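Below is one structure, written out as structure tokens; comments come after it.
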Amino acid sequence: MSSSADLTPNQMQAVDHFRGPLLVLAGPGSGKTRVITRRIARLIERGVNPREILAITFTNKAADEMGERVKELVPQGRVWVSTFHRFCARLLRSRAEIVGLGANFSIFDTTDQRQLLREVLRDLNIDAVHFSPNKVAHRISNAKNNLQSAADVARSFDDAVGNHLDAVVSRVYPVYQRRLMESNAVDFDDLLLHVVKLLSENPELRHSLDERYRYVLVDEYQDTNPAQYRIVAALSQDFPNLCVTGDPDQSIYGWRGARIDNILRFESDYPSAVVVRLEENFRSTQQILKTADSLIAHNVLRKQKRLVTDNPDGEPVELVVYRDGEHEADEIARDMRRQVEAGERAWSDFGILYRVNALSREIEFALLRHRVPYQIASGVEFYERAEIKDTLAYLKLISNPADRIAFLRVVNTPRRGIGKTSIAKLVDWAERSGVSLVEAAGRVSEIPGLPKKAGASLKKFAELIADCRQAIDEPVDSQLARVLERTGYLKQWQGSDSEQDQQRLANVQELRTAAQQFDDARADEATLEGFLETVSLVSSGDNLDNSAGCVTLMTLHAAKGLEFPVVYLVGLEHNLIPHERALRTEDNRELEEERRLLFVGITRAQDRLFLTQTQSRNFRGRRLTTIPSEFVSELKIKWSERTESDWPTDTDFESNDSGDIDDWGADNSSAPSRLRRTKPPSDRAETPAKRSGFSAGMLVRHPQYGIGTVIRVSGPARKQTVTVGFEDAQEAKTFVSDHCPLQPVGTR
DNA sequence: TCTTAAAGGGTTTTT
DNA sequence: CCCTTTAAGA
């Protein structure tokens, strides 16, 4: 089955290694994923029970893809491939009671966490302006990443005289943690932490899990944090058939607690470890590799490593300087269009990478103007929307009535005439009676001083939740439908002409589609908590579609593990990469992580790599003159400066402004870039070309929803809306045509 | 109680 | 620039 003809000797060695610890140091593009997949297949061929194999990847998408590929190689091999967080969530569900949780615990996302912290800060009379929930949350997360409990933090604060924020954190952390437990909830860090606790305090359980997962594979090991390190170690004690893969030069998550040391000390952790180096690169041209190599060589805290390839020399890497962000974005869009129209490339060949999400906006606008189809990595964005959070809060409350954050979110949403003061009374009474908020709401008659109307509403609310709980074993979508029906949640927007309201309806519908898909995929195992878990743990690139036929936009972090024939790496500027925050610390390690991040970006490219920077950039509403990134001087590349003088002035462009958009691609003399004196992008979008851009029957692509057909175009010229039916959605969605990310697509 | 308006504050990267 | 939180009015 798994022939070895297509593997190098080193790859073969890693694939063929059977028992005992294995470290695979894999440079970028060295076929690491293929090696892991093949190795899993090989283990199964050798008679290892697939159940005994646990593979940990960095994103859900990577996990799904790896699972698929293993199944292709070994059809009967159903291996558990998962992210750390998902693995821990599943494990914790089955042993929740050991750590004092219920099996139906909620997973708090950052918003929930902030909300809870806000509450705690208020209760402790801590000034939330000076000590923002955000800052405190970060500090607590840091502590948790370092396996520090609330008691540990308090102790270390006693030992050393901490600063003000630490003093606050040492008070807040224990209360925050207690409230989490009272809500039967965990935050992201807790998922790992509880499992660490579970494993370290229950030797017999640890042993049985170690035995159950005899073969553990961890990808991107350089990005594991202390908690993850402990979990892996605990599962590889009695059966140390642990295979970790990674590349110290691609360690880019130090800021969230990852320890590059974990991979560096693997050999001393496991003295019998076999080490395999994959240094041959199959991805990039020599030019690209040379660029990457010259950059990463500047890192001092680093093990020397070779990057070699038999690939062609390729075109030189280019650094292009543009006037400003809009110029940069427009030229990239135009450049891509030219290549696609010349038949040299497909849209999906392009990746556009940036250091900070904020840079995506200008690029998106440009891609819209130039009718370039694109998708953007944005896992969480959808689930952050108020209407989605509200809807999910109902489901969370049904699943876990102790969830106070969910309760507080929806108790008066939609409006039930339950005001702040009533809620305060309820919360107070519940606190003193030691019951959940839902239970308190069901016992309003016992609460003194509650207005009649509010009391009645609360009672009804409690009954609603109780009724829905009766049906908790139904398919998730049925439960969702019931919630929407019984709460009348959608009524507030139905029949509204407002585009925003229609969008909200569409989003909720989208959530229903997700629920239906979950029901279908999991069949009998489709539990409500499982669904909530799935949506809580989406990761950044999960929404990307390899076969979407469009350009892909994402951060450098999200790009790890991916590759593109052509990469545009934008914003190579001082304070952007390296980011100003890394520059401020004077900590060389942070600067080196920035360098690694750029290294990751560069090594995503297969054939062509364009690095771009601007002379000035709009930032926080201000136009700032930029300074080139210090990393640029470390690269061996060709400069191709297209500065102001090479381009027509904005007045030249102004006269051409109302021209048809399609001319832009053909007419090279009309620079699309312009200075801020001219009209802002939102005005520009209202050119006749754009307004008439959609017509009924047209095929379009949306970065989130996929391919759809335009059903209707309506509304006054300036606020024209377009209604689109998508393949995967039940109902049509409506967009404002001037601002929507819809791309016309030819045929499909 | 709820809606609307103004001001203020914060921004890396993500599970 | 964008989002959130807060203040004033209906």
Side-chain angles (χ1 to χ4, degrees), chain A residues 56-60 63 82-89 107-111 113-115 118 128-130 132-135 137-138 141 144-145 186-193 220 223-225 227-228 251-258 325 353-362 377-381 383-384 386 412-423 451 453-454 457 533 535-542 554-560 571 575-585 590 593-594 596-598 600-601 617-624 676 680-682:
Chain A
I56 306 282
T57 59
F58 211 69
T59 65
N60 297 304
S82 164
T83 64
F84 268 110
H85 288 266
R86 212 171 278 277
F87 168 73
C88 289
I107 299 171
F108 278 8
D109 65 16
T110 25
T111 314
Q113 188 187 22
R114 268 213 315 265
Q115 210 56 45
R118 199 176 298 283
V129 178
H130 204 206
S132 71
N134 250 336
K135 277 187 186 144
H138 261 116
S141 180
K144 288 187 174 181
N145 278 329
V186 300
D187 61 24
F188 287 134
D189 302 313
D190 279 348
L191 281 172
L192 306 175
L193 228 49
E220 310 286 7
D223 283 321
T224 50
N225 68 23
Q228 293 163 335
S251 164
I252 55 175
Y253 283 95
W255 53 273
R256 70 173 200 206
L353 312 181
Y354 34 82
R355 174 67 238 264
V356 294
N357 280 308
L359 289 189
S360 74
R361 185 164 265 111
E362 262 180 326
S378 62
V380 292
E381 182 183 84
Y383 294 99
E384 297 278 293
N412 196 33
T413 313
R415 313 257 172 240
R416 298 185 172 89
I418 305 168
K420 253 199 191 128
T421 42
S422 304
I423 292 173
K453 182 166 174 264
S457 291
E533 184 179 299
V535 301
S536 295
L537 297 179
V538 286
S539 44
S540 159
D542 288 353
M554 68 182 105
T555 63
L556 289 167
H557 283 91
K560 194 172 65 165
N575 285 340
L576 227 39
I577 182 158
H579 192 269
E580 59 165 330
R581 227 151 142 143
L583 290 165
R584 263 210 300 267
T585 60
E590 290 206 23
E593 180 155 313
E594 295 288 312
R596 290 195 293 270
L597 194 50
L598 181 55
V600 166
R617 199 174 279 283
N618 292 326
F619 187 64
R620 258 202 219 166
R622 300 184 64 88
R623 172 166 287 246
L624 301 172
R676 71 189 178 293
S682 58

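Labels below follow one simple rule: chain letters A, B, ... track the order of the sequence lines, proteins then strands, and each chain is numbered from 1. This is a predicted model, so every value here is computed, not measured. Heavy atoms only: backbone and side chains are in, while hydrogens, waters and symmetry mates are out.
- Separating the NE2 atom of A:H557 from the C1' atom of B:dT13 is a distance of 4 Å, rounded to the nearest angstrom.
- The residue among A:L537 and A:I418 whose nearest nucleotide of DNA chain B lies closer to the 5′ end is A:I418.
- Contact annotation: A:T555 reaches the phosphate of B:dT14 (side-chain N/O to OP1 or OP2, under 4.0 Å).
- Of the side-chain N and O atoms in A:R118, one or more sit less than 4.0 angstrom from OP1 or OP2 of C:dT5.
- A:E580 meets the salt bridge (Lys or Arg N to Asp or Glu O under 4.0 Å) test with A:R584; sequence neighbours excluded.
- Phosphate proximity of B:dT1 to A:S422: present, with a side-chain N or O under 4.0 Å from OP1 or OP2.
- For the pair A:R256 and A:Y253, the cation-pi test (distance below 6.0 Å, angle within 45°) is passed.
- Distance from the side chain of A:S540 is smallest to B:dT15 among B:dT15, C:dC2, B:dC2.
- A:E220 meets the salt bridge (Lys or Arg N to Asp or Glu O under 4.0 Å) test with A:K32, A:K560; sequence neighbours excluded.
- When distances are taken from the side chain of A:W255 to each of B:dT15, B:dT13, B:dT3, the shortest belongs to B:dT13.
- The side chain of A:N412 contributes no N or O atom lying less than 4.0 Å from OP1 or OP2 of B:dT1.
- Nucleic acid contact class of A:R622 (heavy atoms, under 4.0 Å, all strands): none.
- Looking at A:W255 and A:H557, their side chains do bring a donor and an acceptor atom within 3.5 Å of each other.
- When heavy atoms are screened at a 4.0 angstrom cut-off, A:N134 is found touching the sugar-phosphate backbone but no base atom.
- Within the 4.0 angstrom heavy-atom criterion, only backbone atoms of the sugar-phosphate kind lie near A:Y253; the bases stay farther away.
- Comparing A:A582 and A:K420 by the nucleotide of DNA chain B whose heavy atom lies nearest to each, the residue mapping closer to the 5' end is A:K420.
- One finds a side-chain N or O of A:T421 lying less than 4.0 angstrom from the OP1 or OP2 phosphate oxygen of B:dT1.
- For the residue pair A:S360/A:N357, the side-chain donor-acceptor check at 3.5 Å is not satisfied.
- Dashed line: the shortest gap from a side-chain N or O of A:R114 to OP1 or OP2 of C:dT4 is not under 4.0 Å.
- Among B:dT13, B:dT15, B:dC2, the nucleotide with an atom closest to any side-chain atom of A:T83 is B:dT15.
- Residue A:N357 has a polar side-chain atom (N or O) positioned under 4.0 Å from OP1 or OP2 of B:dT13.
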